[in-house]
Amino acid sequence: MGGIFTFIPSGKIVFMTIGVLALQGDFDAHRRRLEELGAKVVLVKKPAQLDEIDGLIIPGGESGTFLNLLGEDGFEKLKQFVRLKPTFGTCAGAILLATEVENPTQAGLGAIDIAIRRNAYGRQLDSSIRQGKLLPAALNQNQTDQNQTDQNQTGQKQPDSPLEMVFIRAPKISRVGPAVEVIATEGADPVAVRQGTAMASTFHPELSADTRVHQAFLNLVTSCGSDTPVRRF
């Protein structure tokens with residue numbers, strides 16, 4: 001049986017659909033990574049499409065431009081979605097999910113209790129590929145012992161192994177709130193975090209062949225999916 005799914009109390013299977021906000025950034029790279037993992041993906045270009053998905057990725061780009069493209073109504077619709085369903089923001093998406101934005105200050109969705117500084121790693125010319133670490137807790141969300149055994153048998157990297165990270169005009173997390181879980185680091189810096197149903201990374205996992213960060217988000221979606229899923233039987 002293909003696709004990402006969860007179960008509801010009646011015992012029926014609910015198939016999950018993941019949206020990728022397709023207003024700017026390399027949203028198609030996110031789509032490819034998700035489809036490699038078996039997810040059904042919708043490119044979200046209109047606010048009404050948020051009603052038809054179970055989780056959302058907000059890709060990189062320019063966070064201020066996202067706000068302009070969304071408009072006031074679209075931003076409010078997105079804010080409502082983030083309160084209810086799993087959302088993963090990368091780079092500019094991480095900035096939108098933060099409670100506090102620096103350099104300059106900016107309104108956002110306030111879903112993750114972090115302070116984040118825009119363009120902290122420098123200009124586009126200062127972009128780089130670095131080796132970081134995905135912490136063991138990252139993939140534990142809704143992951144059974146059988147899942148872990150299957151991954152060992154297929155030779156997939158384990159979560160405590162090095163993780164390639166692509167930084168492009170990346171922001172930097174300067175403060176992490178007490179309820180926020182750090183799930184990836186680069187040196188001493190937190191570069192991926194999770195709080196409740198929201199997840200963020202300051203790097204671009206879609207530009208690496210390693211799918212573990214996207215898998216961590218899918219695990220989060222399936223663990224939350226029985227609460228407010230879009231019903232597809």
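Since the structure is predicted, the reported quantities are computational estimates derived from the model, not experimental observations.
The shortest non-hydrogen separation linking Q195 to D113 is OE1-N, 2.7 Å. When all heavy atoms are compared, the tightest approach of P205 to T90 is CD-CG2, 3.9 Å. Contact record, L56 with L21: CD1-N, 3.7 Å, taken as the closest heavy-atom pair. Taking both residues in full, the closest heavy atoms of G74 and P47 are given as CA-CG, 3.9 Å, listed atom of the first, atom of the second, then distance. Across every non-hydrogen atom of Q131 and E186, the tightest pair is O-CG, 4.2 Å. Nearest heavy atoms, L97 versus A200: CD1-CB, 4.4 Å.
Between E52 and K46, no side-chain nitrogen of the basic residue sits less than 4.0 Å from a carboxylate oxygen of the acidic one, so the salt-bridge criterion is not met. The existence of a salt bridge linking E36 and R32 is excluded, since no basic side-chain nitrogen approaches an acidic carboxylate oxygen closer than 4.0 Å. Ion pairing of E100 with R175 is present here, as a side-chain N (NZ or NE/NH1/NH2) and a carboxylate O approach within less than 4.0 Å.
For E72, the CD atom counts as loosely surrounded, since its 6.0 Å shell holds 12 or fewer non-hydrogen atoms of other residues, nucleotides or ligands. Annotation: N68, atom CG; neighbour count of heavy atoms from other residues, nucleotides and ligands within 6.0 Å is above 12.
Counting only residues at least two apart or in different chains, ring pair (Phe, Tyr, Trp, His ring centres under 6.0 Å) contacts with residues 35-62 are absent.
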Side chain to side chain donor-acceptor pair (under 3.5 Å) between R83 and T197, worked out: CA-CA 8 Å; R83 290 193 188 112; T197 59; over 6 Å; no
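For the residue pair S208 and R33, no side-chain donor N or O sits within less than 3.5 Å of a side-chain acceptor on the partner. S63 and Q106 share a side-chain donor-acceptor pair at under 3.5 Å.
Taking 4.5 Å as the limit, every side-chain heavy atom of K172 sits out of range of all side-chain heavy atoms of T202. V193 places none of its side-chain heavy atoms less than 4.5 Å from the side chain of S201.
Using modelled atom types, one side-chain atom of E62 and one backbone atom of T65 make a donor-acceptor pair closer than 3.5 Å.
The aromatic rings of F88 and F217 sit tilted, their planes meeting at an angle between 30° and 60°.
Figure legend: R130 and F167 shown as a cation-pi pair, the cationic atom lying under 6.0 angstrom from the six-membered ring centre and within 45 degrees of its axis.
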